[in-house]
Amino acid sequence: MSHARSTEISRVGPFLVLMVTILILYFARELLIPFAFALTLAFLLAPAVGRLETRRVPRILAVAITGFLAFTILCTVGYVVTRQLLNVASDLPAYRLNIQHKLASVHSPTEQAFQKAFIAIEEISQDLLASGGTAAPSQESPAQGQPVRVIDADRTQLESSVDLIMRFLRPIGTFGVVIIFTIYLLMKREDLRHRILLLAGMGRISLMTQALQDAATRISQYLIFQAAVNAAYGTFFGFGLFLIRVPNATLWGVLAAILRIIPYVGTATSLILPLIVSIAIFDSWIPPLLILALFLTLELTSTNFVEPWLFSSRTGISSLALLAMAIFWALLWGWPGLILSTPLTVCIVVMGRYVPQLSFLHTLLGTDAELSAEALFYERLLAMDQQEAHAVANRFLQNKSLVELYDSVLIPALSLVEQDRHQGNLDDVRCNFFFLSIGELVAELTDYREKTPADSSPATPFPSRTTRRQDFAVVCISANDEADELTTHMLVQLMERANHQTLHLSAASVSSDILDSLGNETNTVIFISALPPFAFSQARAICQRVRSHLPNNRIVIGLWNPSEDPEQTSDLTIERFGSGKPTAVVNSLAQALQQVTHWTEQTPSHYMRM
């Protein structure tokens, strides 16, 4: 009972740790958000600081130079963009009539409602501006009431001023904390790494060092490539707007590059502003439609081709996981979480990769969570999707040989079927479908032509002979059930492709008369095909029976398990056969072909039974 309880606790433990971590991230977000921004900036600036240090620049001076340049660029771009945006906003009211006429030209109810809403918003904005101004009420409407302001009697003018000042000082203070954290991380990065290693313990120094290096490399590469992609995107977008003759095209290109830092939301925002400007200044609908086409072209190209190629391979995060984690961090931390979603998710994936208790995170979010060929083949047949299962085999054959397909895909899938069938996890319908599908696939591959030697895998064990030896033959006997029959079919097919005379016999058809007739041909090799883990006893019984009739022939047991070590398997397994020992035990079809080829090249006089 205690063992079962401890096992249940060990399974639930990682999820409890994950829930506690999420709670900490939520309630400590006021401190963690500036630290996360600082860590991201440190990863972005660390390569530049490192290059300056390699040129014998002191670290203090390297950090100061890098930080000053980054701060100058950030403030300059922010000032220029803000100033131009204010100029554009001040010019928009001049185009009010143009917008109204253009919307009125579309006679659909939806557009008319949109026009009315737009006019109402403008009138409300003007009323709010007029109420906040110092102008006296108009004399033409003396009966018009003045806006009523409710003033809290307990709230003094000083408190209101302090509240207003704090609203401006809060983002400034957060920005200052980010700068301080960034400088500390750049100056004391070895100290921070040592503290993390001390927390991990001496026994995990190697693992934690790899995790830290992996996370730093992935985040730095992501930030650098993100900056490059955003710059290219802004350049193409601005150049396209320039060709369309949209005013301030450079501003919109720079703004598009900046806003793409915010995943998903920023890209849509970068379209809205130039689209509104184009509607305001142009009399035709063609320029707005061209802007929309330009945006869709750039966005589809970057999202479907450029970013998956650059980011997925370097961050190790799948595209679906990026979207899901962007939503998660936005719900947890708001806009800062959305901006930092990718770097934070990279850290989570690295933790899942190097911490065994959190490996499920790497499986859920990582890019290398694809099923192996044998597992995917087995899963498709379990779903009774024969066409897709055969497609898996055909894709495998594009880069591999037929022997590797049998050893690496079909035989492991058959082993999984045998295990599930003996454990009662598979019904007869699926078992029969599986065996029939495998049989049809093997039959279809009878006429399969291997690639040319220049393109094929060097592991292909087929000999270069084109003629058969008449005094050398291979008799293949299946040990027990349908799975053994299928593996024997594969063995027979490969032997025939290797130009060996081959005979296929089932266990029930092996009579004493047949064995006695084979005893006159000592060069004949007897292969007993058995699929572990439930066919060993049948293979041993057949081997002892065959050995009693054929004391001078070579007998090979094929216990098909390509993942095991061939030498250890042969030495340990031969002893388990007792008095009727086989000559050799092989665990893959490739090894079986190599063994038979080796014996074929020997003359009968050199043969000695092992």
Side-chain angles (χ1 to χ4, degrees), residues 403 406 461-463 465 467-480 484-532 535-561 566-567 569-610:
V403 182
Y406 289 163
F462 292 148
R465 300 180 299 108
T467 59
R468 297 187 179 186
R469 283 190 51 178
Q470 300 298 324
D471 59 344
F472 191 94
V474 179
V475 177
C476 301
I477 303 173
S478 56
N480 187 21
D484 299 327
E485 285 284 343
L486 289 173
T487 56
T488 308
H489 277 298
M490 300 177 200
L491 178 62
V492 169
Q493 184 186 99
L494 294 175
M495 290 293 177
E496 290 179 347
R497 293 171 65 88
N499 297 310
H500 298 303
Q501 296 186 79
T502 309
L503 177 63
H504 181 195
L505 298 175
S506 63
S509 63
V510 180
S511 61
S512 300
D513 295 338
I514 294 178
L515 294 177
D516 292 337
S517 62
L518 293 176
N520 299 324
E521 301 176 2
T522 57
N523 286 334
T524 299
V525 179
I526 310 298
F527 255 98
I528 301 175
S529 177
L531 185 66
F536 180 80
S537 58
Q538 292 86 352
R540 181 174 57 184
I542 296 174
C543 180
Q544 291 177 350
R545 180 186 174 193
V546 172
R547 176 59 73 196
S548 63
H549 288 271
L550 306 175
N552 297 320
N553 288 74
R554 301 180 181 94
I555 301 177
V556 184
I557 303 295
L559 293 177
W560 312 119
N561 191 0
E567 295 183 359
T569 302
S570 179
D571 296 337
L572 295 176
T573 307
I574 288 178
E575 300 298 328
R576 298 174 60 186
F577 283 86
S579 58
K581 292 181 181 180
T583 308
V585 175
V586 296
N587 54 13
S588 68
L589 295 173
Q591 187 184 358
L593 287 173
Q594 292 173 356
Q595 184 66 73
V596 173
T597 302
H598 174 69
W599 284 337
T600 306
E601 295 173 352
Q602 293 180 343
T603 59
S605 59
H606 290 111
Y607 169 69
M608 180 179 295
R609 186 171 64 87
M610 298 175 61

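Count residues from 1 along the sequence. Quantities reported herein were computed from a predicted structural model and do not represent experimental measurements.
When every heavy atom of V403 is checked against every heavy atom of L593, the shortest pair comes out as CG2-CD1, 3.9 Å. What you find for S478 and S506 is that their closest heavy atoms are OG-CA, 3.6 Å. Closest non-hydrogen pair, M495 versus A592, comes out as CE-O, 4.0 Å. Contact between S511 and R545 at its shortest, heavy atoms only, is CA-NH2, 3.6 Å.
A distance of 10.5 Å separates NE2 of H504 from CD of E496, quoted to the nearest 0.5 Å. In this structure, the separation between OG on S588 and CD on Q594 is 7.0 Å, given to the nearest 0.5 Å. Between I477 atom CD1 and Q538 atom CD the span is 14.0 Å, to the nearest 0.5 Å. Atoms CG and CD1, from L491 and I528 in turn, are 12.0 Å apart once rounded to the nearest 0.5 Å. The structure places CG of L559 at 10.5 Å from OG1 of T487, a figure rounded to the nearest 0.5 Å. From H500, atom NE2 reaches atom OG1 of T597 across 4.0 Å, with rounding to the nearest 0.5 Å.
No side-chain heavy atom of R547 sits less than 4.5 Å from a side-chain heavy atom of I526. Side-chain contact between W560 and V586: present, with at least one pair of heavy atoms (C-beta onward) separated by less than 4.5 Å.
Using a distance-only test at 3.5 Å, with no hydrogens or angles considered, a donor-acceptor pair links the side chain of N553 to the main chain of T524. The closest donor-acceptor contact from the side chain of T583 to the backbone of I555 lies under 3.5 Å. With hydrogens and angles disregarded, a donor-acceptor distance shorter than 3.5 Å links the side chain of D484 to the backbone of L531.
With sequence neighbours left out, L503 forms a side chain to side chain contact (heavy atoms under 4.5 Å, CB included) with V475, L505. For H549, there are no ring-ring contact (aromatic ring centres under 6.0 Å, His included) partners, not counting sequence neighbours.
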